[in-house]
Amino acid sequence: MATQKPKVILSGLARRLIQDGLLSEKDAEEVFTEAVRQRVPFVTRLVEKGVLDSRRIASTASQEFGVPLFDLDAMDPELLPVSLVDEKLIRTHHALPLFKRGNRLFLAVSDPTNHQGLDEIRFNTGLATDAVLVEEEKLAKLIEASLDAQDTSMSDLLDTDLDNLEIAADESDKQADTGDLDVDDAPVVRFVNKILLDAINGGASDIHFEPYEKSFRIRFRQDGMLHEVASPPINIAARLTARIKVMSRMNIAERRVPQDGRIKMVLSKNRAIDFRVNTCPTLYGEKIVLRILDPTSAQVGVDALGMEPEQKEMFLNAIHKPYGMILVTGPTGSGKTVSLYTALNLLNKPDINISTVEDPVEIQVPGINQVNMNPKTGLTFAEALRAFLRQDPDIVMVGEIRDLETAEIAVKAAQTGHLVLSTLHTNDAPQTLTRLANMGIPPFNIASSVLLIMAQRLGRRLCEHCKTPEEIPEEALREEGFTDEDIQEGITVYKAVGCDKCTNGYKGRVGIFQVMPVSEEMGRIIMEGGNSLELADQSAKEGIASLRQSGLRKVKEGIISLEELNRVTKE
């Protein structure tokens, strides 16, 4: 005995179309069965098969259920709030967000009796849903147009050669949890790769991915200044964030606490770029900052740093001493790490044992033993320093002297036959000596261990192609710090203009330095409890140029603008 097919129960719009004689019961049952099997709305399948005209269906539905018919021709697909509803729900239920008023979301639908779809969207968004009746044919076109529009700003930036980039994560952490997010979505993958490549090619030092309530912003830090480079749709923010977190081996399911990771991008056989990645939860998502760690930046050579000839001579003399301490000081982003690694590259020879501890290691150099500080495991600067001193070092580099314990061990190492290089956060060279004393280092130990202190800043270099002389009154030049002798000799001050070969009139950066060897007289002032003002006066007597004076010399040489000097040195 043949089994009978289950009876199809038609209701809502389908029943009304049958009653009006627009559709036979047999055709209705057949279309309904196909719609269920293909998981599409009944009206969608009806129009696809050409059984009924979408205009006729909409008109019947409007009369039957007392719902006004809305014309979608007036709607701009780029302005629809499609990000409020998951793309899968929009496609499954053929319900398109038109606009939001307070906590009510108005959805374009071709079948107002599809209560299951409206309920599911209400549950998913947390908003009350109202149906707006539209023609199915126009709705289908607008759904495709609006979903395509959200990727427009991404596709504008895509290249055809981004799929084969070799990108690897730091192998030290394999805890990535990809959850249900499609982090391998091809457009997102290629977009992220494009952003990373653009940052490298543009000489950026940092990339900022910043989510806000209604927008998403991507900025590069180039030559020390942030510039907005892209503003992708806010609805792909989660996918972008997930992609970057997976690339850097973070846990994408954890969004409540900051995380750290690393990415390695292999550009060629001979060149790879590392990215240090950090996430931070904000009001509207996770902000991600990538620090670009290019190993070639540490191989610029001492001549490219921007020191004056006498400063370079003092620096080289100090780093070739057999023991003692060299301190580099300045704010974050002033180039201290590059200066230290320039020195280490000069000293890096097979017969020299060099060890460094940093938080974290930014530039990896063959031949140097580098250690990442890890407070969670007890590996602090001080502990790493103690370990180094048991491993027969010649030169030790400490990322930063932050506390008395680290300072004491570093000073003892400098006094017992080791060359110690480190950094401190102070405004200028004389203040560094008093900072050590304030930390609790005995003045005698400071005077006997510190060889040289170098304060530095990074200024944007004027573009050689578009810089223009600027007329400045003599009185204004004197107020800026130029001497009467400078003015009599004639000074040409240049200003930034901007062209297609630079960024707002600047291209690259140059160091501004105060290189101060610690003389016997300075040692005496330290041991007598002198302050930074006395040390500054003594350094001036010994002919040591201050940061401001070094910067004014670069203004005279046309390397930087007076505006840029005032930005980085405030005296």
ask   = Which heavy atom of F513 sits nearest a heavy atom of L305, and at what distance?
value = CE1-O, 3.4 Å

ask   = Between H227 and N504, is a side chain to side chain contact (heavy atoms under 4.5 Å, CB included) present by the stated rule, with each step listed?
value = CA-CA 11 Å; H227 304 280; N504 299 326; 3.5 Å; yes

request  = Indicate yes or no: does E474 engage R478 in a salt bridge with an N to O separation below 4.0 Å.
outcome  = yes

ask   = Can K245 and E254 be counted as an ion pair, charged N to O under 4.0 angstrom?
value = no

message = Quick check against the 3.5 Å criterion: does H208 have a side-chain atom that pairs as donor or acceptor with the backbone of I288?
response = no

ask   = Donor-acceptor pair, Q456 side chain versus G330 backbone, under 3.5 Å?
value = no

remark   = A447 meets the side chain to side chain contact (heavy atoms under 4.5 Å, CB included) criterion, sequence neighbours left out, with M527

key: Considering all heavy atoms, the nearest R219-E228 contact   = CG-CA, 3.7 Å

inquiry  = Salt bridge or not between D359 and R402? Use side-chain N to carboxylate O under 4.0 Å.
reply    = yes

key: Donor-acceptor pair, side chain of S231 and main chain of F216, under 3.5 angstrom   = yes

No-hydrogen, no-angle side-chain donor-acceptor test under 3.5 Å, E542 and Q538 = yes

message = Can you confirm whether the side chains of S561 and Y506 place a donor and an acceptor under 3.5 Å from each other?
response = yes

key: Residues D198 and K194 bridged, charged N to O under 4.0 Å   = yes

Reported CD-to-CD1 distance for the pair E475 and I487, which is rounded to 0.5 angstrom = 8.0 Å

task = Apply side chain to side chain contact (heavy atoms under 4.5 Å, CB included) to F482 and V555, showing your working.
result = CA-CA 10 Å; F482 289 105; V555 172; 3.9 Å; yes

ask   = Is there side-chain contact between I218 and F191, with at least one heavy-atom pair below 4.5 Å?
value = yes

inquiry  = Using the side-chain contact (heavy atoms from CB on, under 4.5 Å) definition, which of the options V192, L196, V289 pairs with I207?
reply    = L196

inquiry  = Please check: side-chain N/O of H320 versus main-chain N/O of L316, any donor-acceptor pairing under 3.5 Å?
reply    = yes

message = What I want to check is whether the side chains of S519 and E521 have a donor and an acceptor closer together than 3.5 Å.
response = no

task = Rounded to the nearest 0.5 Å, what's the gap from CG on D206 to CG on N278? Could you check?
result = 11.0 Å

query = Less than 4.5 Å apart, any side-chain heavy atom of I472 and any of I491?
reply = no

inquiry  = Assess whether a salt bridge exists between R524 and E528, defined as any Lys/Arg side-chain N lying under 4.0 Å from an Asp/Glu carboxylate O.
reply    = yes

message = Looking at E563, I'd like to know if its CD atom is crowded, meaning that more than 12 non-hydrogen atoms belonging to other residues, nucleotides or ligands lie closer than 6.0 Å.
response = no

ask   = Would the number of heavy atoms belonging to other residues, nucleotides or ligands and lying under 6.0 Å from CD of E489 be above 12?
value = yes

inquiry  = Give me the atom names and distance for the closest heavy-atom approach of N372 to V361.
reply    = OD1-N, 2.6 Å

ask   = Can a donor-acceptor pair be found between the side chains of R548 and N566 at a distance below 3.5 Å?
value = yes

message = Please determine whether a side-chain nitrogen of the Lys or Arg among E400 and K336 lies less than 4.0 Å from a carboxylate oxygen of the Asp or Glu.
response = no

ask   = Do L344 and I368 come close enough that some side-chain heavy atom pair is under 4.5 Å?
value = yes

key: Carboxylate-amine/guanidinium contact D274 R262, below 4.0 Å   = yes

query = Is a side-chain N or O of S422 found less than 3.5 angstrom from the main chain of V398, in a donor-acceptor match?
reply = yes

remark   = When rounded to the nearest 0.5 Å, the distance separating CG of L293 from OG1 of T337 is 9.5 Å

request  = Assess whether side chain to side chain donor-acceptor pair (under 3.5 Å) is satisfied between Q222 and S205, documenting all intermediate values.
outcome  = CA-CA 6 Å; Q222 293 170 295; S205 61; over 6 Å; no

query = Nearest heavy-atom pair of V257 and T279: which atoms, and what distance?
reply = O-OG1, 4.2 Å

message = According to salt bridge (Lys or Arg N to Asp or Glu O under 4.0 Å), does anything in residues 383-397 pair up with another residue at least two apart or in another chain? List the pairs.
response = E383-R386, R386-E405

message = Using side-chain heavy atoms (C-beta onward) and a distance below 4.5 Å, is L433 in contact with M516?
response = yes

query = Which atoms form the tightest heavy-atom contact between A199 and I292, and what is the distance?
reply = CB-CD1, 3.6 Å

ask   = Is a salt bridge present between E564 and R461, judged by a nitrogen-to-oxygen distance below 4.0 Å?
value = no

ask   = Can you find a heavy atom in the side chain of N445 that is under 4.5 Å from one in the side chain of Q415?
value = yes

ask   = Between Q549 (side chain) and S546 (backbone), is there a donor-acceptor pair under 3.5 Å?
value = yes

message = Between R457 and T569, does the side chain to side chain contact (heavy atoms under 4.5 Å, CB included) criterion hold? Intermediate values first, please.
response = CA-CA 8 Å; R457 302 287 188 274; T569 65; 4.3 Å; yes

task = Calculate, to the nearest 0.5 Å, the distance between atoms NZ and CG belonging to K412 and L389 respectively.
result = 10.5 Å

ask   = Side chains of E308 and S550: is there a donor and an acceptor less than 3.5 Å apart?
value = no

key: Nearest-0.5 Å distance that lies between atom CZ in R435 and atom CG in N438   = 8.5 Å

query = Got more than 12 heavy atoms from elsewhere within 6.0 Å of NZ, K507?
reply = no

ask   = Side-chain contact, heavy-atom cut-off 4.5 Å: L385 with T406?
value = yes

inquiry  = For the backbone of P331 and the side chain of H425, can you confirm whether one donor and one acceptor N or O come within less than 3.5 Å of each other?
reply    = no

key: Donor-acceptor pair, side chain of Q391 and main chain of F388, under 3.5 angstrom   = no

ask   = How far apart are the C-alpha atoms of T416 and H418, what are their side-chain angles, what is the distance that settles it, and do they pass the side chain to side chain contact (heavy atoms under 4.5 Å, CB included) test?
value = CA-CA 6 Å; T416 53; H418 308 94; 3.4 Å; yes

query = Roughly how far apart are I544 CD1 and S539 OG, rounded to 0.5 Å?
reply = 6.5 Å

Flag, side chain of D260 to backbone of M250, donor-acceptor distance under 3.5 Å = no

ask   = Can you tell me if T483 and D486 form a side-chain donor-acceptor pair at under 3.5 Å?
value = yes

Which atom of T492 lies closest to which atom of P469, heavy atoms considered = CG2-CB, 4.1 Å

Test side chain to side chain contact (heavy atoms under 4.5 Å, CB included) applied to T432 - qualifying residues, sequence neighbours left out = L327, T329, L424, T426, I453

query = Would a 4.5 Å heavy-atom cut-off, applied to side chains only, mark I446 and P442 as touching?
reply = no

request  = Answer yes or no: are there more than 12 heavy-atom neighbours, outside Y212 itself, under 6.0 Å from its atom OH?
outcome  = yes

query = Do M454 and M307 come within less than 4.5 Å of each other through their side chains, counting heavy atoms only?
reply = yes

